Amino acid sequence: MAKYIFITGGVISSLGKGIATASIAKILESCGFKVSLIKFDPYLNVDPGTMNPYQHGEVYVTSDGAETDLDLGHYERFTNARLNRLNNVTTGQIYSTVLARERKGEYLGKTIQVIPHITNEIKERIHIVAKESKAEIILMEIGGTVGDIESLPFLEAARQFSLERGRENVIYIHLTLVPYIKVADEIKTKPTQHSVGTMREIGIQPDILLCRTEKTLSDDLKAKISLFCNVQANAVIEALDVATIYEIPLVFKNQGLDKIILRHFGLKPKHTDLKDWQEKVVDRVLHPKHKTTIAVVGKYIELQDAYKSIYEALRHGGIANDCQVEIKKIDAESIELEGAEKILAGIQGLLIPGGFGYRGIEGKIKAIQYARENKLPFFGICLGMQCAAIEFARSVLGLKRANSSEFIKYGKEPVISLLEEQRKIKLMGGSMRLGEYPCRLAKAGKAYQAYRKPLVYERHRHRYEFNNRYRRRFLKKGMLFSGIYPKKNLVEILELKEHPWFVGVQFHPEFQSKPDKAHPLFDQFIRASMLFAARRGA
Ligand code: GLN
């Protein structure tokens with residue numbers, strides 16, 4: 001039977017619960033256990049797919065095409081767990097399932113209530129993941145902060161879980177804030193006491209506290225937290241601010257968190273090894289030999305979370321090349337106003353991420369033109385690749401009105417457009433190409449040089465495609481279509497032949513990049529940006 005860990009958050013949001021959860025999973029995996037993870041999101045949307053990035057941040061896509069919370073990105077980056085649509089559960093999903101069952105009369109006339117019907121459905125989701133993943137330890141992060149009305153059914157299900165499975169098979173970990181008050185020059189434990197108090201009202205006594213703090217916690221302070229919160233002193237774990245998120249598993253392991261968890265479960269570590277992680281990830285992030293500056297030109301730049309996986313994948317490309325990647329976040333509209341030349345001066349690579357809608361597009365196109373003409377390494381992802389096609393059509397083919405039919409529905413030159421079969425689908429989200437698809441690579445291209453294999457699988461999230469009517473004209477002027485989805489003959493990768501590194505991809509490679517295994521395209525993009533700097537310096 002699997003073991004279960006629930007992770008809750010207290011005091012305030014944004015303490016890094018997702019990264020803490022991923023880090024705990026990582027140290028347990030390093031002890032030889034197979035892990036799986038679930039994120040519970042207490043909102044009523046069925047999934048974040050239709051939510052505005054300002055509301056939600058990045059939508060992370062799993063290989064089976066589920067649109068999920070960005071914490072699943074952390075889970076996949078830190079561990080070897082393969083996640084899918086079962087690993088992100090929302091209140092919306094739970095209620096839709098229960099209500100559909102009620103309409104079918106499956107409850108045989110009973111009154112349907114939060115307890116037990118909603119909580120049973122939540123527990124059922126956990127059992128399904130345990131069964132399908134065959135994991136030995138399931139980690140579950142409950143979104144929001146303890147005390148929120150919305151997350152109550154999830155906490156109640158978590159409480160019931162140890163009644164059913166046995167207290168020895170369930171662990172409750174609470175992530176909390178221990179603030180430092182400058183004027184008093186004191187670290188305060190009261191918010192943590194209150195937060196644990198709220199947990200106890202619900203009926204959950206946390207076993208372990210992860211204390212986020214900017215100052216080291218003295219033994220006296222830990223003893224105080226232990227006493228007031230009724231948690232063993234060695235289970236009061238300090239989570240001090242660190243230079244890189246990839247250090248957190250080491251921080252936890254150094255305080256014996258893995259041992260505390262395994263002892264509770266009565267498990268013995270099969271082996272324990274984070275040496276590679278320390279040497280090949282953390283040390284390299286902390287002491288890089290080289291440096292490069294990459295501009296990310298997007299629409300939601302002011303939002304930290306909107307391009308999370310892109311930023312991480314760029315850092316992974318840096319790790320692979322022993323290079324610190326400084327990311328310059330640039331609002332596409334500022335390029336429309338001030339011009340690319342001024343804003344992109346001094347950078348070594350341009351990345352345009354995915355997105356939806358017309359705002360900022362003309363700025364992105366200007367930036368791409370600058371990169372193409374100045375031989376600046378360019379990496380276009382999804383919408384970024386589509387913009388590269390529009391720019392090429394306008395500037396090189398002279399098709400001044402080239403555009404995507406996403407922006408001009410019945411335009412003259414739709415170089416990016418919907419497929420015939422998609423036009424009939426009305427339901428929001430229904431016409432999207434989502435999840436993993438195969439892509440065949442042309443031997444001649446830079447993509448093949450990066451991947452070094454003929455067939456790759458990459459994740460998608462888009463509606464529009466390169467319009468094959470224009471293929472021949474693009475080819476004639478030096479564009480190479482170096483990746484194709486064979487079944488429907490769709491363009492997956494385009495490259496410029498006469499350019500040191502100009503690659504656009506219709507898919508999202510950032511979702512498969514890991515700190516210890518950078519995605520090959522990010523690895524090569526960073527390498528190209530370093531070469532660009534060397535050329536300029538010479
Ligand atoms: N808006 C574009 C499309 O739907 C690109 C989507 C994306 O970048 N994820 O095709």
Side-chain angles (χ1 to χ4, degrees), residues 47-54 56-63 65-70 73 296-301 303 305-311 313 332 350-365 367-368 378-391 393 402-409 411 414-437 439 458-468 470 483 485 488 490-494 503-513 519 521-522:
D47 66 40
T50 52
M51 274 158 105
N52 185 323
Y54 285 114
H56 189 272
E58 170 184 282
V59 172
Y60 185 78
V61 181
T62 51
S63 61
E67 298 176 279
T68 72
D69 186 75
L70 57 82
V296 174
V297 176
K299 178 168 156 190
Y300 304 104
I301 281 305
L303 207 75
D305 280 351
Y307 306 114
K308 193 110 222 163
S309 296
I310 296 265
Y311 297 148
L350 167 69
L351 186 147
I352 312 255
F356 294 81
Y358 194 47
R359 183 165 70 80
I361 292 294
E362 295 301 331
K364 292 177 187 172
I365 290 174
I368 295 170
F378 165 74
F379 195 6
I381 292 179
C382 209
L383 182 64
M385 171 269 202
Q386 298 176 354
C387 288
I390 297 171
E391 192 282 320
N403 218 320
S404 163
S405 53
E406 176 178 2
F407 313 131
I408 299 190
K409 205 164 176 189
V415 288
I416 304 295
S417 67
L418 286 180
L419 300 178
E420 202 49 56
E421 66 204 52
Q422 286 172 300
R423 297 199 187 136
K424 296 167 209 125
I425 306 172
K426 287 265 150 33
L427 214 60
M428 207 40 169
S431 55
M432 280 257 215
R433 185 142 79 103
L434 277 168
E436 206 165 77
Y437 285 84
C439 166
E458 292 284 3
R459 300 182 196 173
H460 291 248
R461 181 175 183 248
H462 60 102
R463 278 193 190 87
Y464 296 83
E465 306 281 354
F466 183 88
N467 185 341
N468 280 340
Y470 292 89
Y485 169 41
K488 293 204 172 157
L490 296 177
V491 171
E492 298 282 35
I493 311 179
L494 52 81
V503 177
V505 296
Q506 186 56 82
F507 47 79
H508 289 274
E510 70 272 23
F511 294 145
Q512 294 202 78
S513 189
H519 187 284
L521 291 175
F522 279 90

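Worth knowing before you read on, the calculation uses all heavy atoms, side chains too, and leaves out hydrogens, waters and symmetry mates. First listed ligand is number 1; within each ligand, the first listed atom is number 1. None of the values given here were measured: they were computed from a predicted structure.
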Does any donor atom in the side chain of D305 or H56 lie under 3.5 Å from an acceptor atom in the other side chain?
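Result is no, nothing qualifies.
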
E465, portion touching ligand 1 at heavy-atom distance under 4.0 Å
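It is neither; nothing of E465 touches ligand 1.
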
Ligand-residue contact atoms, ligand 1 with [X], heavy atoms, under 4.0 Å:
X    : answer
E406 : 1 (N), 2 (C), 3 (C)
H508 : 9 (N)
C382 : 5 (C), 6 (C), 7 (C), 8 (O), 9 (N)

Shortest heavy-atom approach to atom 9 (N) of ligand 1 - which of R463, R461, M432, M385
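Looking at heavy atoms only, the winner is R461.
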
The one among S404, G355, S431, G354 that brings a heavy atom closest to atom 5 (C) of ligand 1
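Looking at heavy atoms only, G355 sits closest to atom 5 (C) of ligand 1.
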
To check you understand the geometry: which heavy-atom pair defines the closest contact between E458 and H508, and what is its length?
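Here E458 and H508 meet closest at OE1-O, 4.2 Å.
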
If you look at every heavy atom in Y60 and L70, which pair is closest and at what distance?
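Shortest heavy-atom separation between Y60 and L70 comes out as CB-CA, 4.0 Å.
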
Taking C-beta and beyond as the side chain, do R461 and F511 meet within less than 4.5 Å on heavy atoms?
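The answer is no; the side chains never approach within 4.5 Å.
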
Can a salt bridge be assigned to the pair R433 and E465 using a cut-off of 4.0 Å between side-chain N and carboxylate O?
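Looking at R433 and E465, the cut-off is met.
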
For atom 10 (O) of ligand 1, find the nearest protein heavy atom and state the residue, atom name and distance (0.1 Å precision).
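In this structure, atom 10 (O) of ligand 1 has Y464 N, 2.8 Å as its nearest protein heavy atom.
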
Keeping the roles fixed (side chain from E406, backbone from Y464), state whether a donor-acceptor pair exists under 3.5 Å.
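Absent.
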
Sub-3.5 Å N/O-N/O distance, Q506 and ligand 1:
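In fact, backbone or side chain, Q506 has no N or O that close.
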
